[in-house]
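Written below as structure tokens is the structure these notes are about.
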Number of protein chains: 2
Amino acid sequence: MTKIDDVARLAGVSTATVSRALRGLPTVSAATRRRVLAAAEQLQYAVSPNASRLAGGRTATVAVVVPWITRWFFGTVVEAVEDTLHESGYDLLLYNLGGRERLRKRVLRPSSLNKRVDGVMLVATHLRPAELSALAALDLPGVTISSGSEVPGWPCVRIDDMAAARTATRHLLDLGHRRIAHLSGDPDELAFTTHRNRRRGYQEALREAGIVPSPSLDLETQFTIDGGSRATAELLARGEPPTAIFAACDEMAMGAMRALRDAGLRVPQDVSVIGIDDHDLSGVLGLSTVSQPAAEQGRLAARILLDPLRGRALPAPVRRAVPGQLGRRPADPASEPVILPTRLVVRDSTAPPRPD
Amino acid sequence: MTKIDDVARLAGVSTATVSRALRGLPTVSAATRRRVLAAAEQLQYAVSPNASRLAGGRTATVAVVVPWITRWFFGTVVEAVEDTLHESGYDLLLYNLGGRERLRKRVLRPSSLNKRVDGVMLVATHLRPAELSALAALDLPGVTISSGSEVPGWPCVRIDDMAAARTATRHLLDLGHRRIAHLSGDPDELAFTTHRNRRRGYQEALREAGIVPSPSLDLETQFTIDGGSRATAELLARGEPPTAIFAACDEMAMGAMRALRDAGLRVPQDVSVIGIDDHDLSGVLGLSTVSQPAAEQGRLAARILLDPLRGRALPAPVRRAVPGQLGRRPADPASEPVILPTRLVVRDSTAPPRPD
DNA sequence: CTGAAAGCGCTTACAG
DNA sequence: CTGAAAGCGCTTACAG
């Protein structure tokens with residue numbers, strides 16, 4: 001395969017100049033740059049990423065850690081992140097935990113990330129104290145998405161989970177419901193803070209309406225269709241079913257709809273159902289929900305992560321020359337999470353309770 | 001960060017020996033290996049992938065090209081592939097085309113893949129002749145998933161699309177349907193051979209039942225929920241609706257269900273609907289379908305791809321020593337595609353037509 | 001079984 | 001603006 005020496009020879013310059021010209025560094029004359037580009041084009045030259053990264057000391061790779069990839073939220077986030085990273089010439093190294101403890105250890109062992117990536121994105125991945133300090137020791141830039149996966153010093157992009165849950169619950173209250181069940185996440189799963197915040201939003205909305213939250217209407221299960229389905233089946237088995245169900249995510253809400261249907265109950269005539277997400281298929285199912293901007297969270301987090309990386313790539317003098325620009329940023333960009341808005345989407349799965 | 005020299009010093013051996021011991025090469029004494037492993041553990045040493053790859057001449061990375069990542073089939077395939085690759089120490093470099101022509105050019109420009117990956121997996125990505133020859137020139141091992149993305153000399157894992165379509169159509173015929181519409185894929189999208197084969201299966205099944213396929217019941221649209229929805233709306237607008245719809249994939253079938261409901265038609269009482277896939281949510285929707293093993297196709301394709309890669313990593317003498325083992329494989333593993341089975345799953349979206 | 005030395009293909013000070 | 005040379009951190013023949 002053609003290498004940088006070949007291009008240098010054909011262009012009649014040194015390899016150092018080829019390197020500079022190809023990377024668009026300003027310290028190359030226009031004429032030289034043209035010759036180098038032409039030579040590279042003619043030889044179909046492409047830089048060897050490994051050599052470049054080894055010599056340059058940057059990997060041009062970002063690790064993205066997700067608990068799952070096939071669930072709607074995470075798939076959508078990864079798609080948006082990948083898009084943004086590729087645009088900037090960064091590779092995406094995907095770590096899909098998938099509930100695998102072994103992989104988790106590998107990923108979060110500091111030395112495995114070190115030398116391998118320039119930055120880390122944690123999506124709804126809660127770190128234990130030991131993992132947290134190990135990661136901090138790496139001194140890598142990072143960003144998190146979703147509550148519960150915060151890392152001190154790292155920016156965080158998320159929605160306001162409590163507010164989203166309150167919006168969903170209030171919608172049911174406004175329709176006249178009083179017996180409202182909640183399907184929450186498994187406390188061992190994902191960044192459980194997300195579940196907890198959504199539950200708190202649910203409980204607060206109830207209390208504001210003068211209703212005491214009932215433990216018997218509050219179930220913990222997996223953040224999946226099957227989880228929602230199982231929990232709903234259990235709820236129905238307890239007798240005296242609720243008139244409405246607020247599920248902590250749309251996939252659980254879909255499971256609830258299935259379980260209700262299997263039990264011969266109609267949605268929304270017998271039981272109303274609402275979730276959070278605005279999953280692709282929620283429209284098909286007529287599921288009312290509180291939508292969250294998954295792709296936008298991914299894009300934004302990727303940009304926030306790339307920003308300091310670009311800085312690192314620049315020659316130090318250039319950065320030092322414009323200290324004023326740095327000052328325009330907030331003193332500590334990680335201090336405040338970036339909260340993206342959510343929105344109530346009313347479809348066919350919510351209606352007033354039957355008068356009886 | 002600790003490097004190989006540090007480990008060598010601590011263990012009292014050369015870097016070459018450290019390298020060999022850590023990679024598990026057989027030419028290291030047990031005692032030495034123990035000492036090296038202990039030293040590496042103590043120093044929390046992790047090899048620098050870039051240095052290792054540059055020196056070793058292998059990237060330990062596989063390129064996976066998918067047209068989308070958020071659609072069920074592709075997400076499921078990627079999850080399974082990533083799992084298999086990680087187990088073998090390979091990284092997954094994800095190329096999500098997402099309809100982006102620019103990215104497509106970058107990925108399929110040979111020099112960009114070269115030096116960057118050891119192997120290529122194409123998922124439902126149809127190559128044009130120029131791309132095909134460019135890729136062949138790289139002489140990289142590869143594998144494809146899905147029909148329509150075949151590359152000469154590369155193994156292919158897929159289902160029998162015609163057979164799956166016939167199964168779905170026959171199910172409708174067996175129920176007594178005669179006016180059966182088909183929602184097919186956009187000919188410009190994905191590996192269009194998939195759509196074409198499914199359409200042929202549909203047409204053949206009709207003909208075997210003595211029905212002449214009607215162009216007015218055969219629509220082309222996108223392989224998405226919205227595509228299925230739009231096509232169905234158009235179908236209904238033409239008047240004299242079919243009594244059943246066979247959609248080329250479950251997501252289109254879901255869109256069809258939505259459009260039917262929006263038009264005031266009930267599924268299956270007024271119109272039956274069936275798809276292909278067995279999407280996660282098909283159970284929730286009660287959608288009848290012909291299931292295909294997406295994860296298994298991904299796992300199998302990954303294994304097939306890794307097999308020759310492992311061979312390349314081995315020292316040549318070891319391979320030569322056991323020529324008999326090579327002979328046990330089919331002479332040309334790429335000559336015959338690996339066909340995985342599909343299965344009819346009857347749920348609530350298909351029923352006999354109304355007697356009228 | 002082990003080591004010394006060359007080399008993988010780039011980038012980066014340094015000097016001019 | 002450009003080049004000569006060192007170096008990034010490994011692996012691989014080669015020799016013993």
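Labels below follow one simple rule: chain letters A, B, ... track the order of the sequence lines, proteins then strands, and each chain is numbered from 1.
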Salt bridge (charged side-chain N to carboxylate O under 4.0 Å, His left out) involving R53(A) - partner list, sequence neighbours excluded: D91(A)
When you compare the side chain of V78(A) with that of L92(A), does any pair of heavy atoms fall below 4.5 Å? yes
Within the sub-3.5 Å range, which N or O atoms of nucleotides 7-11 of chain D have a protein N or O partner, and how far apart are they?
| residue | atom | partner | partner atom | Å |
| --- | --- | --- | --- | --- |
| dC8(D) | O2 | A55(A) | N | 3.3 |
| dG9(D) | OP2 | K3(B) | NZ | 2.7 |
| dG9(D) | N2 | A51(B) | O | 3.4 |
| dC10(D) | OP1 | K115(A) | NZ | 3.3 |
| dC10(D) | OP1 | Y45(B) | OH | 3.0 |
| dC10(D) | OP2 | I4(B) | N | 2.8 |
| dC10(D) | O5' | Y45(B) | OH | 2.9 |
| dT11(D) | OP1 | S52(B) | OG | 3.4 |
| dT11(D) | OP2 | S19(B) | OG | 2.3 |
| dT11(D) | O5' | S19(B) | OG | 3.4 |

With sequence neighbours left out, write down each residue that passes side-chain hydrogen bond (donor to acceptor under 3.5 Å, both in side chains) with T59(B), or none if nothing qualifies. D118(B)
Using a 4.5 Å cut-off on heavy atoms from C-beta on, say whether the side chain of V47(B) contacts that of L22(B). no
Side-chain (R299(B)) to main-chain (A80(B)) donor-acceptor, under 3.5 angstrom: no
Counting only non-hydrogen atoms, which of residues 27-38 of chain A are less than 4.0 Å from DNA chain C? none
In whole angstroms, the gap separating P of dA13(C) from CG of L25(A) amounts to 12 Å
It should be established whether S14(B) places a side-chain nitrogen or oxygen under 4.0 Å from OP1 or OP2 of nucleotide dT2(C). no
Under 3.5 Å, side chain of S52(B) to main-chain N/O of N50(B), donor-acceptor pair present? no
Would you confirm whether E150(B), through its side chain, and G148(B), through its main-chain N or O, come within 3.5 Å as a donor-acceptor pair? yes
Short side-chain to backbone donor-acceptor contact, E82(A) and N96(B), under 3.5 Å: yes
Report yes if the side chains of M121(A) and I145(A) come closer than 4.5 Å at any heavy-atom pair, otherwise no. yes
What stem regions, each of at least 3 consecutive Watson-Crick or G-U pairs below 3.5 Å, can be found for DNA chain C? C:1-3 with D:14-16, C:5-12 with D:5-12, C:14-16 with D:1-3
Can you list the residues that meet the salt bridge (charged side-chain N to carboxylate O under 4.0 Å, His left out) rule with R9(A), with sequence neighbours excluded? D6(A)
Categorize P26(A) for me: base, sugar-phosphate, or nothing, with a 4.0 angstrom heavy-atom threshold over every strand shown. sugar-phosphate
